[in-house]
Amino acid sequence: MLTRLMLTAEMVGLTGRSTSSIAQILGASDANNRRDHICSAILLYDGRMVQVVEGKRADVDRMLRRMQADPRMKDLQVLADTPIQSRLLTEAAGYCHQPAETLSRVGLADLELLTVRDVEAMLDYRQAA
């Protein structure tokens with residue numbers, strides 16, 4: 001059985017705000033997720049992130065423990081933890097290159113009060129693009 005996690009967190013300091021920081025995050029995510037057969041998509045905006053992760057339960061739990069121990073994040077929240085029949089995502093570490101446009105398309109100004117419905121709308125927008 002597969003599972004889908006929807007997560008949000010505040011990024012500490014300049015994490016996720018520079019090209020080199022984003023490249024470091026995506027590089028590590030890609031390597032770890034390929035090893036663990038996880039697919040993910042991440043959106044970084046104004047010091048916060050939202051990420052959707054899909055994979056086998058044990059692999060997703062291991063990834064979640066890594067994230068909880070990561071000092072580059074704080075206030076990590078699981079918005080949803082849902083069993084799924086098949087994956088929606090196909091990339092080990094997908095990245096939203098136009099976060100402001102994505103947020104605007106789904107009627108959000110920021111990631112402060114994010115809901116599961118908001119994340120689902122972002123996924124729908126991503127799939128349609």
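By convention here, the first residue in the shown sequence is residue 1.
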Stepwise, does the side chain to side chain contact (heavy atoms under 4.5 Å, CB included) test hold for D124 with V106?
-> CA-CA 9 Å; D124 290 343; V106 299; over 6 Å; no
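Here the side chains of M73 and E10 are not in contact, with every heavy-atom distance at 4.5 Å or above. When side chains are defined from C-beta on, R72 counts as touching I25, because their heavy atoms get closer than 4.5 Å. Using a 4.5 Å heavy-atom cutoff, the side chains of M67 and L5 are not in contact.
A continuous path of hydrophobic side-chain contacts links L88 to M6 [ILVMFWY only; heavy atoms under 4.5 Å].
For the pair Y45 and A109, the tightest heavy-atom approach, listed with the atom from each and the gap, is CE2-O, 3.7 Å. Closest approach of R34 to A92, counting heavy atoms only: CG-CB, 3.7 Å. Considering all non-hydrogen atoms of both residues, L103 and D110 come closest at CD1-CA, 4.2 Å.
Interatomic distance, CG of L2 versus NE2 of H37, reported as 12.0 Å (0.5 Å rounding). Note: I38 CD1 to R62 CZ = 7.0 Å, rounded to the nearest 0.5 Å. Taking OG of S40 as the start and CZ of R4 as the end, the distance is 12.5 Å to the nearest 0.5 Å. Note: C96 SG to M122 CE = 8.5 Å, rounded to the nearest 0.5 Å. Taking CG of L44 as the start and CG of L26 as the end, the distance is 7.5 Å to the nearest 0.5 Å. In this structure, the separation between CE on M1 and CD1 on I84 is 9.0 Å, given to the nearest 0.5 Å.
A donor-acceptor pair under 3.5 Å is formed between the side chain of D118 and the backbone N or O of T115. Within the 3.5 Å criterion, the main-chain N or O of L89 finds a donor-acceptor partner in the side chain of E54. Side-chain N or O atoms of S104 include none that pairs as donor or acceptor with a backbone N or O of A100 at under 3.5 Å. Listed for the T8 side chain is a donor-acceptor partner under 3.5 Å among the backbone atoms of M49.
By the 6.0 Å contact criterion, CZ on R105 is open, its count of non-hydrogen atoms from other residues, nucleotides or ligands being 12 or less.
For the salt bridge (Lys or Arg N to Asp or Glu O under 4.0 Å) test with D36, the passing option among K56, R57, R65, R66 is R66; the others fail. For the side-chain contact (heavy atoms from CB on, under 4.5 Å) with T3, the lone residue among D59, T82, D81 that qualifies is D81.
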